[in-house]
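Sequence lines set the chain letters: A, B, ... in the order given, protein chains first and strands last, and positions in each chain run from 1.
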2 protein chains.
Amino acid sequence: MDASAPSSSPQSPWLPFESRRRARDEKREAVLRAAVGLFLEQGYHRATLNDVAKRLNITKPALYNYFRSKDEILFECWSLGNELVDDCIAETSAGGGTGLDKLRKLTVRYAELMTTDYGKSLVRFDVRDLNEDNRKIVQTAKKRIDRAFRDYIVQGIDDGSVRPCDPKLSAFAIAGSLNWIGHWFQPGGPMTGKAVAEEFAIRLTEGIATTTTRKKAGKPPRTGNAAREDRSEHHERTAARAAGQSKRARSRLR
Amino acid sequence: MDASAPSSSPQSPWLPFESRRRARDEKREAVLRAAVGLFLEQGYHRATLNDVAKRLNITKPALYNYFRSKDEILFECWSLGNELVDDCIAETSAGGGTGLDKLRKLTVRYAELMTTDYGKSLVRFDVRDLNEDNRKIVQTAKKRIDRAFRDYIVQGIDDGSVRPCDPKLSAFAIAGSLNWIGHWFQPGGPMTGKAVAEEFAIRLTEGIATTTTRKKAGKPPRTGNAAREDRSEHHERTAARAAGQSKRARSRLR
DNA sequence: ACTATTTATTACCCATGGGTAATATACGGG
DNA sequence: CCCGTATATTACCCATGGGTAATAAATAGT
């Protein structure tokens, strides 16, 4: 599908003074891509809608064909990121393994997410910039993410793969460390996102694991079904789709 | 000294319609206390100088007797927090112990700092809101903090108290987790700042220590002089005083 | 081709909030 | 008692930027 030309990846669907066609949803997404980039670069309050528009070769009022307000754009950016996290959690929960296995899996995926724009938007944007409704949604979603980490830890303690500890604080410690990646990681740096993610996954779970990973020992304890490797097909996410009227065409977000 | 009355801690030195005397520096600090609180509650951009002034029972232009601009206030808030960190680092470096000892000591102190207003300002405020000069200062200071963590880790690897690892990433992992405390900790919550700090110190260093702390074993390895316990007298900080023309009367900041 | 709909543009509104000027009040000292 | 200085107030300026109205250009359907 998608008979779009072998185009040299036109950053913006609006070419300076040219044919401007294309599906509405693609433009919507293009706006979000431009917005999330600018919001991260400049900060939400310093980045103006004029800036966003300029980056797309259009003018500010055109944006209002796709969004009702600046904070709605912010919310949608966050929302896309949240869908990605939900994917991580859903995949991880679906796959088998001990609590520790799941914790590690989620940690890797989450860490890698934090090196991407939409991932960063989860931790760099300020909920207080949203309207009340959206703020509630975001706060609920954040709780759910925290829950995932915490549940895996509890599960790990139960099945013996994780040493007894305070799940709440441990989850905070791990998630905090990961969230912070979103503050310092820059794509241009010496390390790839994946590399950081894997290193962090080891480092962060090492402290609470019953088994050590020193000197890359083969994954030691594995309860039932081994972790399946299907990360290609996005199995229809369940209720998780907490973010608003998200029916958008989740196409290439990378 | 400080023969101030046994006053019932007047939150603001400007009582509604009353005697308004007091040393200039105290007022300056009062402004900063009000500002840091508001900036944290509302976010720098949503908090207005009118808000700050109102909280002090004065009006906006009065603030300009003490500061030249809003972003200077922001900088000074950050600066006070930075002095506190510098104290932590100086104390820790002065005290003895293995690299791990120092890492733990710094971790505890830093974590606790993150539960205070001025500590939070170090990680919640956006450097991009500062003017170019101050931004440089902040960035330099941040590097120095990172360096402290990293140095202790390296030192620990050398003296055998810390397992071989990438100091850079490990420092990021630990500091990130601590910094995140500044985002979620709220004084009203179930845990005291000190409690969080101690728990985090254990949890975060456990992963890279050569010796385990499971079941609160007495501190195992200790090289030379045991960690001294003098945290009362602030030994004159050295060069560390990177923050601008800081000659302020660092009195009660808590 | 003609028209309806979508999508963009130009030109504007206006609330917000940082910052300033002019002025008033308090204070300390000779 | 009067004056200079420090500190506060009232009243204002104005750049910024989110958002809208009126209008023009492109697109699709018939």
Side-chain angles (χ1 to χ4, degrees), chain A residues 10 12-32 34-35 38-39 41-77 125-126 128-131 134, chain B residues 10 12-32 34-35 38-39 41-77 125-126 128-131 134:
Chain A
S12 158
W14 291 274
L15 301 180
F17 211 47
E18 263 195 37
S19 72
R20 291 169 184 164
R21 44 218 92 188
R22 225 120 178 91
R24 182 181 174 81
D25 281 351
E26 284 196 32
K27 291 189 182 168
R28 235 184 103 95
E29 268 189 27
V31 172
L32 292 180
L38 256 172
F39 290 170
E41 280 170 34
Q42 322 248 356
Y44 178 69
H45 288 98
R46 272 172 302 277
T48 73
L49 290 185
N50 274 323
D51 293 337
V52 175
K54 200 172 295 168
R55 183 169 286 203
L56 294 164
N57 299 318
I58 58 177
T59 56
K60 176 176 62 173
L63 297 174
Y64 285 83
N65 279 316
Y66 305 100
F67 302 94
R68 272 197 287 277
S69 64
K70 192 188 183 187
D71 69 86
E72 184 179 301
I73 295 179
L74 185 70
F75 174 72
E76 296 287 357
C77 289
F125 295 162
D126 191 335
R128 294 168 297 191
D129 286 318
L130 302 173
N131 68 40
N134 290 340
Chain B
S12 158
W14 291 275
L15 302 181
F17 211 48
E18 263 195 37
S19 74
R20 291 168 184 165
R21 45 218 93 191
R22 224 117 179 90
R24 184 181 170 81
D25 281 351
E26 284 196 33
K27 291 189 183 167
R28 236 184 103 95
E29 267 188 28
V31 172
L32 292 180
L38 255 172
F39 291 170
E41 281 170 34
Q42 323 248 353
Y44 178 69
H45 288 98
R46 270 173 302 278
T48 72
L49 290 186
N50 274 323
D51 294 336
V52 175
K54 199 172 298 168
R55 183 168 287 203
L56 295 163
N57 299 317
I58 56 175
T59 56
K60 177 175 60 171
L63 297 175
Y64 285 83
N65 278 316
Y66 305 100
F67 301 95
R68 272 197 289 277
S69 63
K70 190 187 184 187
D71 69 87
E72 184 180 302
I73 295 179
L74 185 70
F75 173 73
E76 296 286 359
C77 288
F125 295 160
D126 191 335
R128 293 169 298 191
D129 286 319
L130 302 173
N131 68 42
N134 289 339

Please tell me if the side chains of B:Leu49 and B:Ile73 come closer than 4.5 Å, counting only heavy atoms from C-beta onward. yes

Nearest heavy-atom approach of B:Arg128 to A:Glu41 is NH1-O, 2.5 Å

B:Leu56 has an atom CG; how far is it from atom P of D:dT7, in whole Å? 15 Å

So do the side chains of A:Asp126 and B:Arg46 get within less than 4.5 Å of each other, counting heavy atoms only? yes

Starting at atom CG of B:Leu63, determine the distance to atom P of D:dA8, rounded to an integer number of angstrom. 9 Å

Counting only side-chain N and O atoms of A:Asn65, is one of them less than 4.0 Å from OP1 or OP2 of C:dA8? yes

Distance-only donor-acceptor pairs under 3.5 Å for side chains of residues 58-65 of chain A, two or more places apart:
none

Would you call the rings of B:Tyr44 and B:Phe39 parallel, tilted or perpendicular, taking 30° and 60° as the class edges? perpendicular

Tell me the interatomic distance from B:Ile58, atom CD1, to D:dT10, atom C1', rounded to whole angstroms. 15 Å

Below 4.5 Å, heavy atoms only, C-beta onward: do A:Leu32 and A:Phe67 meet side chain to side chain? yes

Any side-chain N or O of A:Arg24 less than 4.0 Å from the OP1 or OP2 oxygen of C:dT7? yes

C:dT9 OP1/OP2 closer than 4.0 Å to side-chain N/O of A:Thr59: yes

With 3.5 Å as the limit, what N/O pairs link the protein to nucleotides 15-22 of chain C?
| unit_1 | atom_1 | unit_2 | atom_2 | d |
| --- | --- | --- | --- | --- |
| C:dG18 | OP1 | B:Lys70 | NZ | 2.9 |
| C:dG18 | OP2 | B:Leu49 | N | 2.9 |
| C:dG18 | N7 | B:Lys60 | NZ | 2.8 |
| C:dG19 | OP2 | B:Tyr64 | OH | 3.0 |
| C:dG19 | OP2 | B:Lys70 | N | 2.8 |
| C:dG19 | O5' | B:Tyr64 | OH | 3.3 |
| C:dG19 | N7 | B:Lys60 | NZ | 3.0 |
| C:dG19 | O6 | B:Lys60 | NZ | 2.7 |

What is the distance, rounded to the nearest whole Å, between atom OH of B:Tyr66 and atom P of D:dA6? 12 Å

Please determine whether a side-chain nitrogen or oxygen atom of A:Lys27 lies at a distance below 4.0 Å from atom OP1 or OP2 of C:dA8. yes

